[in-house]
Amino acid sequence: MLEKTYNPAEIEARHYRRWEEGNAFAARPESNRKPYTIVIPPPNVTGSLHMGHALNNTLQDVLIRFERMRGRDALWQPGTDHAGIATQMVVERQLDAQGISRHDLGREEFIRRVWEWKAQSGGTIIGQLRRLGASCDWARERFTMDEGLSAAVIKTFVELHRQGLIFKDKRLVNWDSKLLTAISDLEVESREVKGFLWYFRYPIDGMPERHIVVATTRPETMLGDTGVAVHPDDPRFADLIGKHVLLPIVNRRIPIVADEYSDPEKGSGAVKITPAHDFNDFEVGRRHDLEVINVFDQHASINDNAPVEYRGLDRYAAREKVVAAFEHLGLVEKIEPHTHTVPYGDRSGVAIEPWLTEQWYVDAKTLAQKPIEAVRSGSIRIIPETEKRTFFQWMDNIQPWCVSRQLWWGHQIPAWYGPDGHYFVELDEAAAQAAAKAHYGRDVELTRDADVLDTWFSSALWPFSTLGWPEQTADLKRYYPTDVLITGKDILFFWVARMMMMGLHFMQEIPFHTVYLHGLVTDEKGQKMSKSKGNIIDPLDLIDKYGADALRFTMASIAAQGRQIKLSTQRVEGNRNFATKLWNATRFCEVNGCHPVPGFDPASCKLTLSKWLIGELAQTAASVTEAAEQFRFNDMANTLYGFIWGTYCDWFLEFAKPVLQGEDQEAAAEIRAVTAWGIDRLLHLLHPIMPFLTEELYEKFIGGRSMLIGEAWPQLPASLVDAGAQAEIGWLVRLISDIRAVRSEMNVPAGATLPLLVREANAETRARLNRYGALIKRLARIGDIDAAVATVPTGSVQIVLEEATFALPLADIIDFAAERARLKKEIGKLDGEIGKIDGKLNNAAFIAKAPAEVVDEQRERREEAVATKARLGRALQQLAG
RNA sequence: GGGCGCGUAGCUCAGCGGGAGAGCGUCCCCUUCACACGGGGAAGGUCACAGGUUCAAUCCCUGUCGCGCCCACCA
């Protein structure tokens, strides 16, 4: 016997264990089933489950469970990401607490400590994914820095280098002066900052009476100025082109050049050029062969290239000192408040400095061509479609990808340097030695490049490296390309695009057929969840309180495409209630002896009620299946919610009650079977979204040895839909609803029983009243039914349904005025409708141009409305007289 | 500056060419034997605004206003 309420906490752990012990998540490469593959977006080993994970993994699990039930060999490939910067930061912070830095330990020892940390805490998120119910094939769990994946990384690096698609270059990079590493363009975020625009006068060499005004938001960079640019067509500066400026403070003579980069509208119209510290200036400098003078060290403090009194100053201190010096010299024209955007490191949160260094770059432009084509041709489908535009916009303008990082935790770059700086990119040190010997003609000492690769480099290989590449494994052959990739739209560029590049390059095949991108989970006000705002909702708290299924159902139901996803606890609570509802419906079955009948054939049912339920359920199953196929998770969830609560519980079970308790044993037996069959089918349909609850009910209610997770997805033919049964039960539902509404509006005491008088009922209605009299009496609190009265007593409330009028005599309690008002309102509504329809029907163009069936439909609607209005009008008249 | 998207019931959002929908909230009634994490009922909307296309527009097009997000931008 089931408990009175569903208690998720006890149940979830047990079923998860059953699934794992039963090997239910395992892919079956040996089977002849068609594979269905999803690779998980590997969470950071440092991570713990947040709402984004909860959403992302719920959706993946829904699809995996759905396709598994549909008979596919489902592989959900799990694993974690070493998350270079994030992980290094975590361990460094721990060391910091002990007062040691990674440099105290040395590289080798530090890395050992990170592995140690990983062994202890790295599994947190995997445990949390289990609590969510994720049915990953855990035996296949991978890590981006495990042996096989590391080998894959080295191989791709070496091959891309051989193909000229990875190269070393000295140019400006985004330098993070806190983490002391280069970062890629994507890791830079712009923030709007309130600052100032300083207008400085630069004296012209040889023209003591003249100066040129430049404007800057970063006065300290003037220490590295090597030119001033003006627009070639700007008359204000025409005579100064070719002259030189005597740079104050530094006393450097620098040229005034004409360059179209200079915008006459901006600032003073003349722009100072600092090639070593600005991406645009770097280009201008290159065009005019300007000197590149780097004035910052790696900490963004002033270096020895600047005058001695500035050396060692932090960039902001240097800024103040430069401004003070200009003021002292009387060379400040003016200072304006100015809002502008400044680049910040997404991890460190400090302002990024464009800094001249040598780094490794991937030729992304070349690698992007095949992905662009794949998306354009539709061989990779992106959902929602609108994201395609974003994808193309980025891919069409893609810049070289800086992949080297000055960190310790990650895949060390397989490049070895000889004594003269010549380098050898090889799979291992031995190969590098051999190459070096061939190059130098003797053995030399080699030093390995100290840098590691961007974390996203190894993630880019994920769909094939996890399946065994570079070995040509059977798994790789069977499960690649994968079917769907589900991830947040915020990592479309970071990860998705790069998987396409690497997959198409190394596998010569797309990594996945479909990319499903979901939005960001925010709080209920649409605010991004963050520690500082204190608005974080921890999914584990919700799981503890409402159960994993309630959370999963919520995620599925709000996963509408392309929006930000606002989560409210209230919704989760509501969905927990839904779980309880189904729980109790099953309990009802149990209490009433509705047990599944082996070999039950829905097509053999005779009762209209059975046929109705079966048909409705068949339609629901079709909708749910279609929604799942089209990744419309919200439709899937909402369809099931509506059917289970609104149709099965609210109506079907209520209709079933009297039959189950009635005299007719044959009918009772059929209804028992249909009721149980309905629950069984619903458990199947709901399982991908609510696996724990449904598995529990399946075990308790259906019994047997098998587990629901491995059962077949319901397939109910459209032939089970019975239009006659739908019309008949639909009529019954409307009649009962109408009577209930009238009772409530007229304040009839809930317990009072009223007679029902029916006028002008045709033969079919009379037959229906006969068939469903007991139900009507029970559900609408009706006493006797007189199906053929000629007149209705004064003081009755009247309801018009199809051809018949139903009256509830309420002489003693009826409020005449209220009833007149109700009828008038109804009539008013009908008048409005008739007016609208007449507008169409009286329009010759409508008759001529609209499809015939639309015209017919409007005519029918009009007839119905007119007839109903007439009956209501009669009722109103009777009330008045 | 370039791009994308959104303005529908008090709130959160579905719907997207021919009868305005859901959940939550609100109000009224009901402890009836699956469920008060429940049952029954009700109120509430010129579908942002202005034009246009169409026989017909919440839905398509254009513009305006308001709000998000992404990319670029340190004069």
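We use all heavy atoms of the structure for the numbers below, so side chains are in, but hydrogens, waters and symmetry mates are not. Keep in mind that this is a model prediction, so the values were computed, not measured. Within every chain, numbering begins at 1; the chains are lettered A, B, ... in the order of the sequence lines, protein sequences first and strands thereafter.
For G3(B), the base has no donor-acceptor partner in the side chain of Arg389(A) [N/O atoms by modelled type, under 3.5 angstrom]. Taking only distance into account, the side chain of Ser190(A) never meets the base of C71(B) through a donor-acceptor pair shorter than 3.5 Å. Under 3.5 Å, the side chain of Thr341(A) and the base of C73(B) form at least one donor-acceptor pair of N or O atoms.
Side-chain contact, Glu283(A) with Asn280(A): no donor N or O sits under 3.5 Å from an acceptor N or O. No side-chain N or O of Tyr641(A) forms a donor-acceptor pair with one of Asn575(A) less than 3.5 Å apart.
Helical stems involving RNA chain B, defined as 3 or more consecutive Watson-Crick or G-U pairs under 3.5 Å, span B:1-7 with B:65-71, B:10-13 with B:21-24, B:26-30 with B:38-42, B:48-52 with B:60-64.
Straight-line distance between the C1' atoms of G44(B) and C27(B): roughly 11 Å, to the nearest whole Å. With both ends at atom P, the span from A22(B) to A14(B) equals 16 Å, rounded to whole Å. The same atom, P, is picked in C4(B) and in A75(B); the two are 26 Å apart, to the nearest Å.
Between Trp175(A) and Trp355(A), the ring planes lie tilted relative to each other; the angle falls in the 30° to 60° range.
Closest contact between the side chain of Thr386(A) and the listed nucleotides G38(B), G41(B), G5(B) involves G5(B).
Contact annotation for Asn638(A): no contact, since no heavy-atom pair falls under 4.0 Å across all strands. Asn747(A) comes within 4.0 angstrom of no nucleic acid atom, judged by non-hydrogen atoms across all strands. Counting any heavy atom pair closer than 4.0 Å across all strands shown, Glu654(A) reaches a base atom.
Each of Arg319(A), Arg218(A), His338(A), Lys334(A) was compared with Trp198(A) under the side-chain contact (heavy atoms from CB on, under 4.5 Å) criterion, and only Arg319(A) meets it. If you run side-chain contact (heavy atoms from CB on, under 4.5 Å) between Phe196(A) and each of Val323(A), Thr217(A), Ile335(A), Thr339(A), only Ile335(A) comes through.
Considering only side-chain N and O atoms, Arg571(A) lies nowhere under 4.0 angstrom from the phosphate OP1 or OP2 of G23(B). The phosphate of A34(B) (OP1 or OP2) has a side-chain N or O of Lys657(A) nearer than 4.0 angstrom. The side chain of Trp651(A) contributes no N or O atom lying less than 4.0 Å from OP1 or OP2 of G39(B).
Phe391(A) meets the ring-ring contact (aromatic ring centres under 6.0 Å, His included) test with no other residue; sequence neighbours excluded.
Around atom NZ of Lys777(A), more than 12 heavy atoms belonging to other residues, nucleotides or ligands sit under 6.0 Å away.
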